[in-house]
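The figures here come from the full heavy-atom set of this structure, side chains too, leaving out hydrogens, waters and symmetry mates.
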Amino acid sequence: MKTIFNGLLFSLLLLPSFLTGQTTVSGVVTEESSLPLPGVNVLVQGTTRGTATDFDGNYQIDVNEGETIVFSYVGYVTQEIIYSGQQTLNVLLKEDAAQLDEVVIVGYGTVKKEDLTGTTDLVTSKDFNKGPIVSAQSLITGKVAGVSVTSNSGAPGEGQSIRIRGVGSLSLTSEPMYVVDGVPISGGVGGARNPLNFLNPNDIESFVVLKDASSTAIYGSRGANGVILITTKKGKDTGFKFNASTQTTMYNVINTVDVLEADQFRDLINTYGTDDQIGLLGNSNTDWQDQIYTFAVGSDHNFSALGNAFGVPMRASVGYSDHDGILKGDNLSRATGSVSFTPSLLDDHLKLELNARGVYTENAFADRGAIGSAILFDPTQSIYDANSPYAGYFAWLNNEGTQNSLAPTNPLALLNLRSDTAEVRRFVGNAKVDYKLHFFPDLTATVNVGLDKSNSNGRIIVSEFMPNASSNWDGSYNKYSNITTSKLFDSYLTYAKSIQDKHNLNVVAGYSYQSFEYDNISYDSEADQLGNRATFIDKSMDVLLSYFGRLNYDYKGKYLLTASLRADASSKLNPDDRWGYFPSAALAWKISDENFMKDSTFNLLKLRVGYGEIANVGDLAPYQFLTRYQGTNDSAQYQFGNSFYQTYRPEPYNPDLRWEVGKSFNLGLDYSLWDGRVSGLVNAYMRETQDMIATALIDPFTNFSNRIDKNIGDMENKGIEFNLDVDAVRNDNLTVSLNYNIAFNDNQITNLPVDQPHGGISTGVGNNVQVHREGEEASSFLVYQQVYDASGKPIEGVFVDRNGDGIINDEDRYIKESPYADILMGLNANVNYKKWDFSVQTRASIGNYMYNDVAASKGIRSGATINAGLLNNIHADYYNSGFTTFVDRTALSDHFVQEASFFKIDNITLGYTLDKALKDTTIRLYGSVQNLLIATEYDGLDPEIAGGIDNNFYPRPRSFVFGVNVDF
């Protein structure tokens with residue numbers, strides 16, 4: 001009986017294997033050139049059993065006889081093979097031309113990459129910059145010709161200044177338009193460092209940069225400075241795959257402002273100071289910049305899942321980042337979550353796309369005034385003073401025992417006795433429906449509704465122990481809240497038809513509505529103490545209403561035409577000038593498809609030409625065509641008896657404001673040779689901006705001011721761009737790819753009746769070092785020409801009389817360069833050797849200049865003793881200039897305008913992949929260094945500062961990153 005039982009049990013154990021015939025099959029997946037394909041999805045159809053090929057294309061999976069194995073990879077034709085008992089199954093995947101071509105998203109549709117007629121650059125996740133990326137814009141720094149990406153400071157998650165083909169306006173924004181999954185993103189959010197901080201960089205699939213007007217005109221007024229389309233990662237119709245990643249970043253200060261050390265400062269005061277001033281010297285040796293900066297640490301953790309959930313492709317992700325800044329007390333922490341669903345119904349006639357992402361951000365803003373105080377504070381004084389009334393922090397006191405009103409505040413007190421925090425909650429989501437009509441399948445109706453809503457709350461609390469000149473100071477409390485709501489409704493029809501395989505037609509016509517609402521409230525406790533209005537309420541709304549259409553036509557896929565027209569109406573402008581009409585047209589010829597090119601080495605050779613008109617009202621304040629009233633502040637009250645009352649004054653207005661209009665012409669050539677081993681593009685462009693809005697002088701008593709915003713200027717940008725991608729080496733063990741891009745841009749203001757001074761500096765009151773002037777480049781430096789002695793040292797107060805009238809005055813100031821580079825370059829390399837990967841990203845900027853405001857305002861010897869009862873440190877440029885006395889002309893000397901061309905190694909990353917450490921799991925370990933090298937002759941803190949004025953800049957740190965990425 002026991003024998004029978006054991007035999008029966010053994011038979012039952014074997015029964016599943018006999019019934020299923022499950023076997024482990026392995027093999028290699030390659031492409032047509034016999035190279036292995038890593039990361040190919042291998043799935044047993046109808047089950048959750050799946051894996052992915054390793055770096056060498058190898059896979060291994062358990063399968064039952066008769067089951068279907070599905071091999072899928074982006075850009076290749078999916079293969080389905082019914083398993084029939086093989087132990088080894090090698091698979092060859094062929095490129096899917098349709099998939100490879102249809103990868104570029106453009107406004108309100110998609111276009112095959114080879115059929116693009118405008119200037120469009122695609123940067124996908126495999127090309128993104130590596131390293132500690134907190135801000136989404138940093139992913140494409142140096143990747144696209146003619147696109148400059150400059151971080152506004154070294155703070156974590158700081159905003160970026162992006163310029164596409166130069167500056168586009170004098171007074172309005174020159175930032176591009178951002179569109180995330182079809183939703184145009186609203187601009188600044190109160191309490192946030194960066195309007196794109198709601199995006200987890202780990203969720204981004206690709207950037208598409210639209211540069212010329214033939215590409216951006218479909219977006220009308222918002223495309224004036226280019227458009228950046230951001231597509232996030234979506235789910236796939238496969239078994240679920242998961243990704244987990246974590247990285248730790250260490251930030252280190254690499255450069256500080258060059259000021260006098262304590263002993264140098266003592267020598268200066270002992271040599272040139274009075275006995276009273278010498279008596280003010282302390283006994284310490286304090287490096288104040290070393291005290292305010294610190295070694296900082298940050299971390300990022302992300303988890304995502306994508307696959308098919310109940311028949312619906314979906315992706316979900318969560319992420320958390322926590323980064324300290326190198327300025328003590330600075331911190332950014334961010335929690336993100338996103339989910340997307342992309343189901344198809346009714347035999348793919350109905351396609352849905354649902355995207356939702358939320359972010360909760362906490363910011364602690366360190367007082368950046370501490371940067372200027374640390375530069376200026378006497379290095380012979382100690383941080384603390386036991387007799388100080390200000391929580392033990394040293395302060396320069398006056399006879400009343402309060403802080404000297406002219407003294408800098410102790411930098412450590414600014415950082416430790418002031419709290420500036422804010423929380424931001426933001427939601428961005430959209431629902432898009434594409435319906436291909438059953439009774440008319442050539443026509444697709446699309447509706448896209450989106451919401452971008454943010455809510456921020458912040459407060460600034462200053463301790464009563466903060467050094468202050470007031471004898472009754474008891475601290476302050478300020479708070480604010482900002483609610484920003486943007487609503488989007490797009491609806492359009494797309495007609496696509498192919499006639500006799502020769503004529504291909506795609507027509508889009510639609511309507512768009514987007515509203516922007518702002519609700520801002522702030523409270524100031526100091527105003528409350530004075531009995532004045534303490535709460536300030538600011539509400540506004542503007543609306544953009546649009547109609548648009550586009551025609552794409554090609555004949556035999558060789559001759560291509562794109563034409564578009566957009567009509568925009570903005571509530572910011574008066575009803576008579578509210579509508580603007582923006583046409584564009586582009587032609588392309590695929591020379592490589594002609595018969596005479598059949599035997600050439602070109603896979604693609606395409607000539608493009610395009611023209612378009614776009615407009616801008618950007619960040620123009622609303623309602624300027626109406627009379628508006630502004631409440632007076634605390635220092636401008638009306639006295640009636642013993643009481644003071646707030647009054648309201650009318651603001652200047654201009655009912656004739658109209659669109660800034662940009663007209664752009666582009667000539668381009670796209671090329672690809674030797675099966676894509678070498679590819680790239682060349683572009684030549686010219687963009688003229690007409691009716692630019694700038695400040696104009698008007699006759700007195702004709703308005704509520706003698707200055708109003710008015711359409712008075714024209715400007716021109718022209719240049720050449722070149723991009724080259726090379727697969728230098730590609731074999732079984734080693735791949736080497738290179739990307740090089742270079743752009744030349746020339747900017748000139750061609751019409752401007754009145755100079756527009758700007759670029760305020762620290763020396764003097766109301767002094768400006770820059771100007772917008774007809775015939776010159778925007779924001780050019782307007783300075784005096786310094787005279788030097790035989791040894792090359794500047795002669796103080798002596799300047800060239802350029803007009804020869806014997807008098808040195810404003811007429812002798814001249815234009816010396818501008819902060820904008822003539823040439824921008826990027827060079828990026830990626831190397832893969834077996835399981836090792838290595839990448840390096842570098843950039844160069846040539847021809848940009850910087851005004852060293854720190855040296856100009858703090859490099860004067862008398863600055864050390866200029867205020868009675870205290871001492872100030874000075875900039876070490878004093879040893880170069882020898883300047884002794886503060887004079888406005890000295891501050892405006894061209895001695896302080898310095899060439900700031902640079903070469904930077906932005907990032908180096910080294911990684912190693914473990915593909916067999918765990919079953920069906922790939923682990924990548926990597927290390928990275930960011931901001932590794934800056935080569936420049938500029939003497940200041942950093943040669944790359946947006947705007948071109950170096951003053952109390954938050955330095956960019958060097959970052960070291962260690963990370964782990966796991967796919968399973």
Without swapping roles, check the side chain of W659 against the backbone of R578 for a donor-acceptor pair under 3.5 Å. yes
Strictly below 4.0 Å, N to O, side chains only: are R315 and D203 in salt-bridge contact? yes
Are any side-chain N or O atoms of N243 and backbone N or O atoms of S304, one a donor and one an acceptor, separated by less than 3.5 Å? no
Please indicate whether K487 has more than 12 foreign heavy atoms, meaning atoms of other residues, nucleotides or ligands, lying under 6.0 Å from its NZ. no
Quick check for you: to the nearest 0.5 Å, what is the distance between T120 atom OG1 and R608 atom CZ? 7.5 Å
Got a second to check how far N482's CG is from S454's OG, nearest 0.5 Å? 7.5 Å
Plane angle bin for Y547 and Y511 - parallel if under 30°, tilted between 30 and 60°, otherwise perpendicular: tilted
Rounded distance (nearest 0.5 Å) linking atom OH of Y320 with atom OH of Y360: 10.0 Å
Check the side chains of T51 and Q60 for a donor-acceptor pair under 3.5 angstrom, ignoring hydrogens and angles. no
Determine yes or no for a side-chain-to-main-chain donor-acceptor pair under 3.5 angstrom, with N603 supplying the side chain and G676 the backbone. yes
Is it the case that over 12 heavy atoms from other parts of the model lie below 6.0 angstrom from the CD1 atom of I82? no
What I want to check is whether the side chains of D542 and S571 have a donor and an acceptor closer together than 3.5 Å. no
Begin from the C-alpha positions of D568 and R566 and carry the test salt bridge (charged side-chain N to carboxylate O under 4.0 Å, His left out) through to its verdict. CA-CA 6 Å; D568 276 348; R566 177 145 180 156; 2.9 Å; yes
Is there a salt bridge (charged side-chain N to carboxylate O under 4.0 Å, His left out) between R49 and D62 once you walk through the steps? CA-CA 8 Å; R49 300 196 304 276; D62 294 333; over 6 Å; no
For D347, is the CG atom crowded, meaning more than 12 foreign heavy atoms sit under 6.0 Å from it? no
Ring centroid separation for F71 and Y59, is it under 6.0 angstrom? yes
How many angstroms lie between atom CG of L551 and atom CG of L565, to the nearest 0.5 angstrom? 12.0 Å
Point-to-point distance, once rounded to the nearest 0.5 Å, from CG of N666 to OH of Y611: 13.0 Å
What pair of heavy atoms forms the shortest contact from S584 to A213, and how long is it? CB-O, 3.9 Å
Check the pair T562 / N552 against side chain to side chain donor-acceptor pair (under 3.5 Å), numbers first and verdict last. CA-CA 5 Å; T562 300; N552 284 332; 2.8 Å; yes
Output field: ring centroids H503/Y555 closer than 6.0 Å: yes
Test salt bridge (charged side-chain N to carboxylate O under 4.0 Å, His left out) applied to D670 and K590, step by step: CA-CA 9 Å; D670 301 335; K590 288 187 194 173; over 6 Å; no
Report yes or no: do S206 and T124 form a side-chain donor-acceptor pair below 3.5 Å? no
Take atom NZ in K233; do more than 12 heavy atoms of anything else shown fall under 6.0 Å from it? yes
Verify, without hydrogens or angle tests, whether D490 (side chain) and N448 (backbone) share a donor-acceptor contact under 3.5 angstrom. no
When rounded to the nearest 0.5 angstrom, what distance separates CZ in R222 from OG1 in T173? 14.0 Å
Look at the aromatic rings of F242 and F240 and report parallel, tilted or perpendicular, splitting at 30° and 60°. parallel
If you apply the rule salt bridge (charged side-chain N to carboxylate O under 4.0 Å, His left out), what do you find for K558 with D593, and how did you get there? CA-CA 6 Å; K558 291 190 294 186; D593 285 359; over 6 Å; no
